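The structure appears below as structure tokens.
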Amino acid sequence: MHRSVKIKSILAGGVLALAIPMVGSADVAPVDVAAKAVEPHVIEWRRHLHANPELSNREVKTADFIAKRLKAMGLEVKTGIAHTGVAALLKGGKPGKTIALRADMDALPVTEQNDLPFRSKVTTEFRGEKVGVMHACGHDGHVAILLGVAEALVKMKDSLSGQVLFVFQPAEEGPPEGERGGAKLMMEEGLFNIAKPDAMIGLHLMASLNTGVIGYKPGPLMAGSDYFTIVVTGAQTHGSRPWGGVDPITVSGQIITGLQTIVSRQIDITQVPAVITVGAIKGGIRFNIIPDSVEMVGTVRNFDRAMRDDIVKRMQTTASNIAEASGAKAEVKFRSDVSLPPVVNDLELTDRAVPLFEQLVGKDNVTQITLQTTADDFSFFGTEVPSIYFWVGITPRDKDPAKVPFNHSPLFYLDEAGLITGVRAMLALTTDFLAR
Ligand SMILES: [Zn+2]
Ligand SMILES: [Zn+2]
């Protein structure tokens with residue numbers, strides 16, 4: 001990916017430099033020394049976690065592992081937040097602001113195909129099936145990085161002004177059906193009562209960037225996500241005599257087409273894009289029976305809460321009016337328990353971060369990323385505190401990141417040389433924020 005022309009011209013015009021006094025002179029040398037010192041631990045921890053992955057809301061051993069290490073660093077640790085979440089607070093030697101740092105902990109029902117000495121051989125049951133378990137999204141790296149950052153910050157504790165809240169979050173990939181979990185539940189269970197942060201940082205290791213590259217984006221980055229169900233009710237009849245009933249299958253076809261006109265014809269996509277996807281449809285049992293009802297499930301992705309609410313209303317109107325035209329009924333429901341807001345990066349935090357990133361990895365290795373229609377429940381933290389979420393590359397330099405297996409693939413490969421970039425970036429942002 002390439003730096004956007006826009007950002008280049010802003011930098012050339014010096015606007016960014018004016019908005020951010022002092023950053024050009026920020027010294028990243030102490031960060032480098034501190035990160036280098038913890039790197040062997042980070043790699044060792046990551047390998048252990050990689051070989052012992054656990055699914056969402058089942059991160060029991062992972063939580064024990066994290067708590068044990070944080071305690072060994074002398075930190076007071078709180079466990080069992082949102083089932084398996086772990087948090088610890090580091091108090092600096094001087095008063096100041098509070099910053100929270102987040103790592104997600106869960107693995108995926110994926111059978112690893114990488115040939116590594118520490119590859120995952122773990123299997124478990126998921127939705128009634130025997131599956132392999134793999135850290136196929138790099139969350140093993142996230143946990144190891146945050147533990148490394150904790151170790152480094154504990155060593156520089158006396159010189160720190162303020163506090164650092166370390167947040168190890170379960171179930172980022174989504175809790176199992178019928179369960180709650182993740183960032184929202186951590187907040188409901190009082191995470192921010194430990195200390196209310198003034199800012200929060202999260203990162204993600206991404207296969208789409210090379211090792212040593214950092215990706216950022218001011219404003220919206222990852223989509224808000226919704227889960228909807230549409231039930232179309234007609235009246236069952238013989239397939240040869242459709243006039244004797246109401247056909248919910250034909251109506252569903254019209255609704256699916258109608259829904260696609262919301263994004264393409266009704267919302268202002270020059271602001272931010274949106275996606276409506278019907279992912280599953282189920283109705284009927286036999287070739288010559290028109291069924292009683294059809295059920296559809298799908299997702300809406302958005303980058304703006306007001307636009308999202310508008311889309312929800314339009315979907316309800318579209319579905320029910322189309323159904324009514326044929327004498328059927330359509331009910332559109334959104335599952336509030338799995339509704340996620342978009343990840344929106346605070347502009348001031350991003351303005352501060354970019355020059356720091358450039359000092360850490362060089363201008364050529366800092367890239368502005370485009371909007372992502374994937375989601376991350378880190379966004380819930382961002383609804384309460386200004387936050388920044390950025391990407392760190394983990395695809396080896398000799399490989400084309402556009403061609404390697406992406407996150408969630410059984411061949412997802414994490415170049416461990418990229419971990420230290422995550423440690424350095426988090427350390428630099430944290431120390432910079434607290435020193436202000
Ligand atoms: Zn993932
Ligand atoms: Zn992930």
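Below, each value reflects all heavy atoms present in this structure, side chains not excepted, and no hydrogens, waters or symmetry copies. The residues of the chain are indexed from 1 along the displayed sequence. Everything numeric here is computed off the predicted structure, so don't read it as measured data. Each ligand, and each atom within it, is numbered from 1 in the order the structure gives.
Taking the six-membered ring for Trp, F390 and F357 have ring centres closer than 6.0 Å.
For residue H142, no N/O/S atom approaches the Zn ion (ligand 2) to within less than 2.8 Å. Note on E173: counted as a metal contact of the Zn ion (ligand 1), an N/O/S atom lying under 2.8 Å.
Remark: the D106 side chain and the Q169 side chain contain no N/O donor-acceptor pair separated by less than 3.5 Å.
Classification of the H135-H139 ring pair by plane angle, with boundaries at 30° and 60°, yields tilted. Note: H142 and H204 have perpendicular aromatic rings, judged against thresholds of 30 and 60 degrees for the angle between ring planes.
When distances from the Zn ion (ligand 1) to the N, O or S atoms of H408 are compared, NE2 comes out shortest. Within H204, NE2 is the N, O or S atom that lies nearest to the Zn ion (ligand 2).
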